[in-house]
2 protein chains.
Amino acid sequence: MPLLRSWVDSANRADCDFPLNNLPCGVFSVEGEEPRCGIAIGDFVLDVAGLEEAGLLALDGGPLLDVPFWNEAMEAGPAVWAALRARLQDLLAEGAAEREAVEPFLVPRAAATLHMPFLVAEYTDFYAGRNHAFNVGSMFRGPENALPPNWLHIPIGYNGRASSVVVSGTPVRRPWGQVKGPDQPMPAFQPSRRFDLELEMGAVVGRASEGMVSVAEADEMIFGYVLLNDWSARDIQAWEYQPLGPFQAKATATTISPWIVMRAALEPFRVSTPPREVPLLPHLQEPGPMLYDIALEVGLTPEGGAETVIARTNYREMYYSAAQQLAHHTTSGCPMNVGDLLGSGTISGPTKESRGSLLELSWGGKEPIAIEGGTRSFLEDGDTLTLRGHAQGEGYRIGFGNCSGRVIPAHENPLGAGR
Amino acid sequence: MPLLRSWVDSANRADCDFPLNNLPCGVFSVEGEEPRCGIAIGDFVLDVAGLEEAGLLALDGGPLLDVPFWNEAMEAGPAVWAALRARLQDLLAEGAAEREAVEPFLVPRAAATLHMPFLVAEYTDFYAGRNHAFNVGSMFRGPENALPPNWLHIPIGYNGRASSVVVSGTPVRRPWGQVKGPDQPMPAFQPSRRFDLELEMGAVVGRASEGMVSVAEADEMIFGYVLLNDWSARDIQAWEYQPLGPFQAKATATTISPWIVMRAALEPFRVSTPPREVPLLPHLQEPGPMLYDIALEVGLTPEGGAETVIARTNYREMYYSAAQQLAHHTTSGCPMNVGDLLGSGTISGPTKESRGSLLELSWGGKEPIAIEGGTRSFLEDGDTLTLRGHAQGEGYRIGFGNCSGRVIPAHENPLGAGR
């Protein structure tokens, strides 16, 4: 598919994240007004709530967009998702008759504040990257026991904490937690010293289910994708995670990009998961390509310093797709809801430069990496992490916008500090 | 504290779960009407939404009760909780002047359908029973490695799935899942053969927090308690739980009792957690008694058969209180919300007859227990599990109502069966 040209000139630039092919969903506000639904196009946010109110956009069951979240539009179902997209592509296309009527609803992105694009119902995080699982397993259990026995048979996941999901730009405070090294007789309660990122994609569930769904059905339940940074306190995790998994180590914050890229925008970029090392049971097999070719990178910017790109990888490195994860998620009859968020798991490529966490990049802190003006084993106060991603089309790209967060110092005394 | 006598005669019976001292919060409906908030008193549900509408109950920020959940009343805060309780105790007390005005708002409990008493924001389940952790650890890792190294230092917990929490009376369908025995070369996808209960208490969070809270503050954030059965598929759990903890094994259903017993009603029954085997770090120490003396039992009734009580225990057996769990939950800065539900973990006593799961009662299926007309290792289709609990006062008791669920057969083919 070629670039779809728009009368919004900035949307036609080859390096623009938000061409007419994309139309990702966010929530924005301008000074003095309430947050509402918007769509990114070129250098602008299109006030789709305003378009709806003005009668330029009529959706079944509407109004759906005069609220500070996309959940109502997601609830309306795939026919509405398609109608929304088709109507906006008409309104914004080069030569569109409605240009004059639509133009007043364009807000310069620089003047807009972006908010959480949807209400997170529940948040699940997976562990579905082959290289990440092997790297972490090697560090913790040695390379011969790196992959747990179940890993090649099911997408391993755990329930995360929806209340901790924040939008790009929200500062992330270094957590306190209980930690204990193997040589210490007693644990200590202190700020995390091994605070880390995890480069992931997030899938946003747009349809509810009861009972089990197939992988094909699961794919159709996904409304869209975001970039996702699952901040992780490795020292807290190491002490707490046996036997019931990560808990407080992953509960400080998970940052997502402000734009949900609809699945429809990513269709041209579908790729298959890698060949299976052992066959999957039938209920988890993919009927078609359900990963996406999305180039990803992580930039680290120290306080007052310049950015270093510390990792470059691609979403196609995953062993399991979000559709497979979602199907597995329903096997037990677990009800899924609109607004559920599934983290892909850390996306690490096969090379050292493509690892999606500092834990792997610095090999547990043993091999600090070089950055502009210094080195890093784990995150330091003042570091800003920025995840970027895009799918590359012919003469255009489908981008997600930055997924960014700055580490701010731990409270001196956590008790009572945050109430 | 003695029995507070009510003009509702049935509330004064010594064996009534719902005397004037209790006043637990539920959601009910009668035929043809919408569900709304109600309070149990004797053999009746008091239509407190109706009382509010009639001007007999005025709460700050009200109306709060004309909705099918207690979240709005919880949001209103502890002063409103106390005012509600005080006003209802006045209205329902023996000799109350308002008796004639209030009486029309009593609905016989037998005529009321009970619904989920609150919207579950997020659900966390803990593993805080010393005997349960030792028993399960012994089976999986041998008695010498039974307790994980962190267990005596932090209340181990994991995030569960809020969407799977259901009210007493909801049938529970046996789940499918991926399982693999140690001797099998490949996993299989099949209905669970080791479906189990977990006898727990649930704490309902009534106040939001950001940042860390102390154990004392955490105690005050708890609105009340419910009985909780965390249904668990042991065969699915055994295969999936390494390294990130239980996931689909615990996502089929968690049943709670229909009544939230307010913390205020339990005040006379506070007891301390047991002596520490190793000292806790200061931030987890209890400033006072924060467990409760609540007698608990589990009845198992096979299809068409008679009930056998398979376990009797007490909430005071826990090693950590809900307040300690909640304080630990916030250490990382994890935001807590009104409607969060914390499962205590399985409550097993020191004796065989006081174990809160079939996994422990039948020692992993090796020692089936006797029930009326048969034996059980794990649950069979048609079995009804009923959890009951009460705190025993002088001449009265504070009960929770039954927490009950019947196991119905697995779908023949799970795919597409439940949509």
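Throughout, protein chains are lettered first and strands after them, A, B, ... in sequence-line order, and every chain is numbered starting at 1.
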Original post:
Applying a criterion of heavy atom separation less than 4.5 Å, what residues of residues 176-184 of chain A form contacts with chain B?
Top reply: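 Residues of residues 176-184 of chain A touching chain B at under 4.5 Å: A/Trp176, A/Gln178.
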
**OP:** May I ask you to name which of A/Ala249, A/Ala162, A/Pro246 has the most heavy-atom pairs under 4.5 Å with chain B?
**Re:**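 Answer, by heavy-atom pair count under 4.5 Å with chain B: A/Ala162.
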
Option that, when pairs with chain A are counted at under 4.5 Å, heavy atom only, ranks first among [options]:
options: B/Leu284, B/Ile156, B/Val278; value: B/Ile156
options: B/Pro279, B/Ala327, B/Pro149; value: B/Pro149
options: B/Ala188, B/Ser164, B/Gly157, B/Gly333; value: B/Gly157
options: B/Glu240, B/Arg141, B/His283; value: B/His283

Original post:
Where on B/Arg174 is there a heavy atom nearer than 4.5 Å to chain A: the side chain, the backbone, both, or neither?
Top reply: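 No part of B/Arg174 comes within 4.5 Å of chain A.
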
Subject >> Region of B/Pro282 in contact with chain A, defined by heavy-atom distances below 4.5 Å >> reply: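 Neither; nothing under 4.5 Å.
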
Chain B contact via [X] - side chain, backbone, both or neither, heavy atoms under 4.5 Å:
X: A/Pro148; result: side chain
X: A/Met186; result: side chain
X: A/Ile236; result: neither
X: A/Leu281; result: side chain
X: A/His153; result: both
X: A/Thr330; result: backbone
X: A/Pro191; result: neither

**OP:** Evaluate whether atom CZ of B/Arg193 has more than 12 neighbouring non-hydrogen atoms of other residues, nucleotides or ligands under 6.0 angstrom away.
**Re:**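 Count not over threshold, so no.
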
Original post:
Has A/Arg276 got more than 12 heavy atoms of other residues, nucleotides or ligands less than 6.0 Å from its CZ?
Top reply: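 Yes.
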
Subject >> Contact list for residues 332-344 of chain B, test side chain to side chain donor-acceptor pair (under 3.5 Å), sequence neighbours left out >> reply: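 Every side chain to side chain donor-acceptor pair (under 3.5 Å) pair that includes a residue of residues 332-344 of chain B, provided the two are not neighbours, is A/Arg161-B/Asp340, A/Gln248-B/Ser332.
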
Subject >> Aromatic ring proximity, centroids under 6.0 angstrom, B/Phe126 and A/Phe247 >> reply: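 A/Phe247 vs B/Phe126: aromatic centres under 6.0 Å.
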
**OP:** With the side chain counted from C-beta on, respond yes when B/Trp239 and A/Ile154 share a heavy-atom pair under 4.5 Å apart, and no when they do not.
**Re:**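 Yes. Closest side-chain heavy atoms under 4.5 Å.
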
Original post:
Under 3.5 Å, side chain of A/Glu122 to main-chain N/O of B/Glu122, donor-acceptor pair present?
Top reply: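 Flag not set: sc A/Glu122 to bb B/Glu122 has no pair under 3.5 Å.
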
Subject >> Under 3.5 Å donor-acceptor, A/Asn150 side chain and B/Gln242 backbone >> reply: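 Side chain of A/Asn150 to backbone of B/Gln242, a donor-acceptor pair under 3.5 Å: yes, one is there.
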
**OP:** Locate the shortest heavy-atom distance separating B/Pro243 from A/Tyr127; write the atom from each residue and the value.
**Re:**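 The pair with the smallest heavy-atom distance is CG-CE2, 4.1 Å.
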
**OP:** Working to the nearest 0.5 Å, report the span between CG of B/Leu244 and NZ of A/Lys250.
**Re:**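 Reported to 0.5 Å precision, the distance equals 8.0 Å.
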
Subject >> By ring-ring contact (aromatic ring centres under 6.0 Å, His included) - contacts of A/Phe378 (at least two apart) >> reply: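 So A/Phe378 forms no ring-ring contact (aromatic ring centres under 6.0 Å, His included) with any residue.
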
**OP:** With chain A as the partner chain, list the residues of residues 131-140 of chain B whose heavy atoms fall under 4.5 Å from it, by residue number, and write 'none' if nothing qualifies.
**Re:**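 Contacts with chain A: none.
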
